[in-house]
Amino acid sequence: MGREIIQLVPATPKVRVTGAIVSTRSPHIGRDAGEVAGQPPLGVRLTTNLKQALEISDVVIDFSRADATLALLTACREARKPVLIGTTGMSSDFERHFAQAARDIPLLVAPNVTLGATVLMELVRTVARVVPHDFDIEITDTHSRDMQVAPSGTAVTLGRVAAEIRGQNIDEVAVTRDRSGRRKEGAIGFACLRAHDIFSRHDVLFAGEGEQIILGHHSSRPSIFARGALLGACWLARQPAGRYRMWDVYQEGMT
Ligand SMILES: NC(=O)c1ccc[n+]([C@@H]2O[C@H](COP(=O)([O-])OP(=O)(O)OC[C@H]3O[C@@H](n4cnc5c(N)ncnc54)[C@H](OP(=O)(O)O)[C@@H]3O)[C@@H](O)[C@H]2O)c1
């Protein structure tokens with residue numbers, strides 16, 4: 001995602017890369033971030049020094065790993081920098097840290113930054129609110145053969161959205177469809193397909209007696225994620241401290 005974002009920045013008005021952070025394992029530390037992303041040099045060296053990288057930034061975008069996000073969040077809070085967190089896979093314990101940070105800085109936690117998935121989440125919220133609770137919910141995520149995580153962060157978020165509407169805790173009702181046995185009442189099922197170069201696809205099935213509602217979002221290229229991240233970051237840089245979601249960003253863009 002870092003590479004995708006750097007590639008899109010030249011075509012994005014009023015945006016410039018002022019810092020770029022990598023892990024201590026990175027073979028690219030000290031190299032120019034533009035060159036590593038296959039672009040002309042940016043004059044920005046890849047660094048592990050969070051404080052230095054944040055110094056002259058107006059807003060920070062995080063696509064890293066769950067175990068790196070907390071340190072970044074702390075550094076952003078100390079430096080009073082808005083941050084968009086696109087990293088997925090955080091445990092529910094992170095909610096406490098997010099709530100604390102959002103008192104001091106604008107914070108946008110976005111398990112999926114695309115327009116389509118953001119709209120899908122709102123549709124799932126609406127359908128979950130309207131249909132009786134005996135409708136079964138099954139979520140399928142399809143990704144390329146390289147995808148390491150299952151289910152995807154977006155699939156889990158879709159399940160969480162539906163569970164919240166039903167007054168359920170997703171950790172208690174989530175069932176992965178990798179074993180046999182009768183469906184449990186109130187369960188939210190997750191199934192994952194991994195095949196060739198399919199980029200990303202999420203489908204949510206609400207099944208009632210004699211009828212089904214199927215909602216889905218299919219995306220075919222990583223640049224739509226970079227576009228969403230840059231849109232969200234530019235919007236976030238103008239907000240006061242608080243907790244935001246991509247829906248806030250796109251809603252404003254649509255009105
Ligand atoms: N919200 C969304 O719409 C969306 C879209 C795509 C991906 N994601 C999520 O974003 C995350 C990253 O995805 P990706 O596809 O970009 O993965 P990736 O290609 O593996 O890139 C992860 C990057 O994070 C860096 N990193 C890892 N640990 C770090 C640390 N401790 N400090 C600083 N940097 C660190 C890695 O640097 P090194 O190479 O040095 O380790 C690498 O550059 C995943 O959680 C993924 O699920 C979310």
[Y] backbone acceptor or donor facing [X] side chain under 3.5 Å:
X	Y	value
Q7	A37	yes
R45	G30	yes
S26	V22	no

Joint hydrophobic cluster, [X] plus [Y], side-chain heavy atoms closer than 4.5 Å:
X	Y	answer
L158	I224	yes
W247	V204	yes
Y244	F225	yes
L8	W235	yes
I6	I21	no

Which donor-acceptor pairs under 3.5 Å do the side chains of residues 73-91 make with protein atoms, sequence neighbours left out?
| residue | atom | partner | partner atom | Å |
| --- | --- | --- | --- | --- |
| T74 | OG1 | L70 | O | 2.8 |
| R77 | NE | D104 | OD2 | 2.7 |
| R77 | NH2 | Q100 | O | 3.4 |
| R77 | NH2 | D104 | OD2 | 3.0 |
| R80 | NH1 | R77 | O | 2.7 |
| K81 | NZ | E55 | O | 3.2 |
| K81 | NZ | S57 | O | 2.8 |
| T87 | OG1 | D62 | O | 3.4 |
| T87 | OG1 | D62 | OD1 | 3.4 |
| T87 | OG1 | D62 | OD2 | 2.9 |
| T87 | OG1 | S64 | N | 2.8 |
| S91 | OG | D93 | N | 3.4 |

Distance-minimising heavy-atom pair for [X] and [Y]:
X	Y	answer
Q212	G210	NE2-C, 4.5 Å
A33	A20	CB-CB, 3.8 Å
T176	P151	CG2-CD, 4.4 Å
P13	A11	CD-O, 3.6 Å
A128	A162	CB-CA, 4.1 Å
P10	Q39	CG-OE1, 4.3 Å

To the closest 0.5 Å, what do you measure between [atom1] ([X]) and [atom2] ([Y])?
X	Y	atom1	atom2	value
E164	R160	CD	CZ	7.0 Å
T157	I139	OG1	CD1	9.5 Å
D58	C234	CG	SG	9.5 Å
R145	I198	CZ	CD1	10.5 Å
S92	N169	OG	CG	7.0 Å
F199	S219	CZ	OG	5.5 Å

**OP:** Assign the ring pair H97 / F94 to parallel, tilted or perpendicular, where the plane angle (0 to 90°) is split at 30° and 60°.
**Re:**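 Judged by the thresholds at 30° and 60°, the geometry between H97 and F94 is perpendicular.
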Is there a side-chain contact between [X] and [Y] (heavy atoms, below 4.5 Å)?
X	Y	result
H196	S144	no
E252	R238	yes
I61	L230	yes
F206	I214	no
L108	V249	yes

Atom pairs and distances, donor-acceptor, side-chain atoms in residues 115-122, under 3.5 Å, two or more places apart:
| residue | atom | partner | partner atom | Å |
| --- | --- | --- | --- | --- |
| T118 | OG1 | T114 | O | 2.6 |
| E122 | OE1 | R125 | NE | 3.4 |
| E122 | OE2 | R125 | NE | 3.4 |
| E122 | OE2 | R245 | NH1 | 2.8 |

Original post:
Quick one: salt bridge (charged side-chain N to carboxylate O under 4.0 Å, His left out) pairs with a partner in residues 14-33, sequence neighbours left out?
Top reply: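 Residue pairs passing salt bridge (charged side-chain N to carboxylate O under 4.0 Å, His left out), neighbours aside: none found.
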Original post:
What pairs meet the salt bridge (charged side-chain N to carboxylate O under 4.0 Å, His left out) rule with one or both residues in residues 131-144, with sequence neighbours excluded?
Top reply: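 Counting only pairs at least two positions apart or across chains, the salt bridge (charged side-chain N to carboxylate O under 4.0 Å, His left out) contacts touching residues 131-144 are D136-R183, E138-R177, E138-R183, D141-R194.
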**OP:** List the steps and the verdict of side chain to side chain contact (heavy atoms under 4.5 Å, CB included) for R166 and F135.
**Re:** CA-CA 11 Å; R166 291 185 163 188; F135 268 56; 3.7 Å; yes
Subject >> Contacts of type side-chain hydrogen bond (donor to acceptor under 3.5 Å, both in side chains), residue R243, not counting sequence neighbours >> reply: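 Testing R243 for side-chain hydrogen bond (donor to acceptor under 3.5 Å, both in side chains), a comparison that skips the adjacent residues, returns E95.
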Subject >> Any residue meeting salt bridge (charged side-chain N to carboxylate O under 4.0 Å, His left out) with R201, in chain and number order, not counting sequence neighbours >> reply: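 Counting only residues at least two positions away or on another chain, R201 forms a salt bridge (charged side-chain N to carboxylate O under 4.0 Å, His left out) with D203.
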Original post:
What's the verdict on side chain to side chain contact (heavy atoms under 4.5 Å, CB included) for T154 and V156, showing C-alpha distance, side-chain angles and the deciding distance?
Top reply: CA-CA 5 Å; T154 301; V156 174; over 6 Å; no
Original post:
Going through the distances and angles, do D146 and Q148 end up as a side chain to side chain contact (heavy atoms under 4.5 Å, CB included)?
Top reply: CA-CA 6 Å; D146 298 326; Q148 308 267 336; 5.8 Å; no
Original post:
Between H202 and H143, does the ring centre distance come in under 6.0 Å?
Top reply: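 That pair passes the under 6.0 Å test.
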Original post:
When you look at I188 and V175, which way does the side chain to side chain contact (heavy atoms under 4.5 Å, CB included) test go after all the steps?
Top reply: CA-CA 6 Å; I188 295 185; V175 174; over 6 Å; no
